[in-house]
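Just so we're on the same page: letters track the sequence lines, and every chain starts at 1. Keep in mind the model is a prediction, meaning the values are calculated, not measured.
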2 protein chains.
Amino acid sequence: MKARVHVMLKAGVLDPQGEAVRHALGAMGFDGVNGVRQGKVIELDLADGTGEAEVKAMCEKLLANTVIESYSIEMQSRETA
Amino acid sequence: MKARVHVMLKAGVLDPQGEAVRHALGAMGFDGVNGVRQGKVIELDLADGTGEAEVKAMCEKLLANTVIESYSIEMQSRETA
């Protein structure tokens, strides 16, 4: 089982990293970019029996700073190799 | 139009950040985690007419270091506000 967690700064929280990327893209001639937000993606390789509730607990306790960040969880069943 | 770009370290490239997260989760009592990879997610708010080809060029030139990182692009049509 795999889980993918997205952690993004909440709307309204200044994102200097995204702002720097937007500026750099503009300087490189990419004009069609109105805004950029940068976040983290964390891919967890889970043992069998570890469910979404546990991943949620990981997010609350460690992976996201819920004061300024929001997170979303995508569970993916294991693909056959 | 929005685009979401995932940038992950390629398989085989050491990911100390993910390793640190895995270790911390273990220390906090989350035993069901076999592995963690951490990457970046970049959300681009694009002007109309900016397509996937242009986002790909942004990735190649700025957003990802293609020597050690792989990227994937998800285009999302604008939702009505």
Under a single-linkage definition using a 4.5 Å side-chain heavy-atom cutoff for Ile, Leu, Val, Met, Phe, Trp and Tyr, are B:V36 and A:V5 assigned to the same hydrophobic cluster? yes

Single-linkage hydrophobic cluster A:F30~B:I42, side-chain heavy atoms < 4.5 angstrom: yes

If the contact rule is any heavy atom under 4.5 Å from chain B, which residues of residues 9-26 of chain A qualify, in numerical order? A:V21, A:A24, A:L25

Among A:V41, A:T50, A:V55, A:L62, which has the most heavy-atom pairs under 4.5 Å with chain B? A:V41

Portion of B:A57 that has a non-hydrogen atom of chain A nearer than 4.5 angstrom: both

What residue, out of A:R4, A:M28, A:R37, has the most heavy-atom pairs lying under 4.5 Å from chain B? A:R37

Can you tell which of B:H6, B:E54, B:K61 has the highest number of heavy-atom pairs within less than 4.5 Å of chain A? B:H6

If one checks every heavy atom of B:M58 against chain A at 4.5 Å, the contacting part turns out to be both

Taking side chain as C-beta onward, heavy atoms only, is A:L46 less than 4.5 Å from B:N34? no

I'd like to know if B:M1 and B:L63 are part of one continuous hydrophobic network [Ile/Leu/Val/Met/Phe/Trp/Tyr, side-chain heavy atoms within less than 4.5 Å]. yes

Between B:V33 and B:M8, is there shared hydrophobic-cluster membership here, with clusters defined by ILVMFWY side-chain heavy atoms closer than 4.5 Å? no

